[in-house]
Amino acid sequence: MEDNSGFRPSAGNLDDPPNSRIFLVVSKSLTEDMIRDRFAEFGDIQDIWVVKDRHTKESKGIAFVKYAKSSQACRAMEEMHGRCLGDSSKPIKVLIAQSRGSTSHKEVEDEDLTRIFVMIPKSYTEDDVKSKFKEYGPVEYCSIIKNKNTGESKGLAFVRFERPSHAALAIENCDRSFKAILAEPRNKGSTSESLDYHSSSRQQESMIHEPPAMSMYSYEQYDYSAYDKVGEARNQEGVSKRLTVVSRVPLVQDQLYSLLDLIPGLEFCEVQRDLYSSFSGTRC
DNA sequence: CGACGGGACGC
DNA sequence: CGACGGGACGC
């Protein structure tokens, strides 16, 4: 007895299983065949759809690729995000697509894709949990939910992986008795989204001195190895989520985005002028 | 008789 | 800054 939330039957598998579809931002000249050539190696592609202008039939530079499994979609994202495809020197973006019914086009963040929620025997320690799940990929941490008073396990645990594809592999392949699912983000449902981005102290901001102008676009060496560091970054709860960039060249908003919008989870950028140095600052 | 199904994090 | 077609048949 499923109502499919108003989806038409033929659209029903686009979000099944969850997070098995990727959203691409690519060059307008990239064809469906070129996409298939580069993305088939990550898994069973069920559908490729290059979005085109209804009238001119020109590609809008965005596309969707549906895989059979979430782990395949996640690995395609991890391997292909930031690469240059086709004739364009502009790096492509690869994100997990929002489900079709979603009104928000806010990006799905790695944070939401790397933590799983499992049921475990009450006798398990955190190390026991880790030893069960590390076969799917490096485990950042495990935490068991315990009775606050007695300290006894409630038989529930969170496991945080470093990469979305590893969390997906765990969900797909671990023993069914674990009943593994993706964990809901802890701050789910809070309407006050933009927390204290503005109150973080000035000293916590990292300062990046202007790199050579071209280095921002030397993406050939960008291999998504940021995944190797997300763990330690996330463990510092007090860390600022703001990045300040200093540029000798005056930048306008659009230019700022084109330089920085590859950053996963980027929420906003704004330009600040520094009256004393005539540098332009950037707050993300 | 005899063991299924359940499930959320100290702000 | 970049988000949703084509085709279809069980109740």
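Atoms considered below: every heavy atom in the structure, side chains included; atoms not considered: hydrogens, waters and symmetry mates. Note that the coordinates shown come from a computational prediction; the quantities given were computed from them, not determined experimentally. Below, chain A is the first sequence line, B the second, and so on; all start at residue 1.
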*Asks:* Heavy-atom nearest nucleotide on DNA chain B for A:N149 versus A:F178: which residue maps closer to 5'?
*Replies:* A:F178
*Asks:* How long is the line joining CZ of A:R176 and C1' of B:dG7, in whole Å?
*Replies:* 18 Å
*Asks:* Rounded to whole angstrom units, what separation is found between the CD atom of A:Q98 and the P atom of C:dC1?
*Replies:* 20 Å
*Asks:* Please state how far atom CZ in A:R21 lies from atom C1' in C:dA3, giving the value in whole angstrom units.
*Replies:* 8 Å
*Asks:* Under the 3.5 Å rule, do the base of B:dG5 and the side chain of A:K179 count as making a donor-acceptor pair?
*Replies:* no
*Asks:* Please compare A:K57 and A:V108 by the position of their nearest nucleotide in DNA chain C and report the one closer to 5'.
*Replies:* A:V108
*Asks:* Under 6.0 Å from the six-membered ring centre of A:Y141 and within 45° of its axis: does the NZ or CZ of A:R160 meet both?
*Replies:* no
*Asks:* Choose from B:dC11, B:dA8, C:dG5 the nucleotide whose nearest atom is closest to any side-chain atom of A:R186.
*Replies:* B:dC11
*Asks:* Going by modelled atom types, is there a donor-acceptor pair between the base of B:dC9 and the side chain of A:R160 at under 3.5 Å?
*Replies:* no
*Asks:* Using a heavy-atom cut-off of under 4.0 Å over every strand shown, decide if A:V118 touches base, sugar-phosphate, or nothing.
*Replies:* base
*Asks:* Below 3.5 Å, does any donor atom in the side chain of A:R100 face an acceptor in the base of C:dG5, or the other way round?
*Replies:* yes
*Asks:* Does either side chain, that of A:S20 or that of A:K66, offer a donor lying less than 3.5 Å from an acceptor on the other one?
*Replies:* yes
*Asks:* A:F158 CZ to B:dC9 C1': how many Å, rounded?
*Replies:* 4 Å
*Asks:* Of all the heavy-atom pairs spanning A:E140 and A:F161, show the shortest one and how long it is.
*Replies:* OE1-O, 4.1 Å
*Asks:* With a 4.0 Å cut-off on heavy atoms, is A:I181 in touch with a base, just the backbone sugar-phosphate, or nothing at all?
*Replies:* base
*Asks:* With a 3.5 Å cut-off and no angle check, do the side chains of A:T125 and A:D128 form a donor-acceptor pair?
*Replies:* yes
*Asks:* When you match A:I48 and A:V25 each to their closest nucleotide on DNA chain C, which lands nearer the 5' end?
*Replies:* A:V25
*Asks:* What is the separation between atom CZ on A:F23 and atom C1' on C:dC4, rounded to the nearest whole Å?
*Replies:* 9 Å
*Asks:* What's the CG-P distance between A:L14 and C:dG5, to the nearest Å?
*Replies:* 11 Å
*Asks:* To the nearest Å, give me how far apart OH (A:Y141) and P (B:dC9) are.
*Replies:* 13 Å
*Asks:* Could you check how far CD1 of A:I62 sits from P of C:dC1, rounded to whole Å?
*Replies:* 15 Å
*Asks:* Between A:R115 and B:dA8, does any side-chain N or O lie under 4.0 Å from OP1 or OP2?
*Replies:* no
*Asks:* Give the ring-plane orientation class for A:W49 versus A:F64, where under 30° counts as parallel, over 60° as perpendicular and anything between as tilted.
*Replies:* parallel
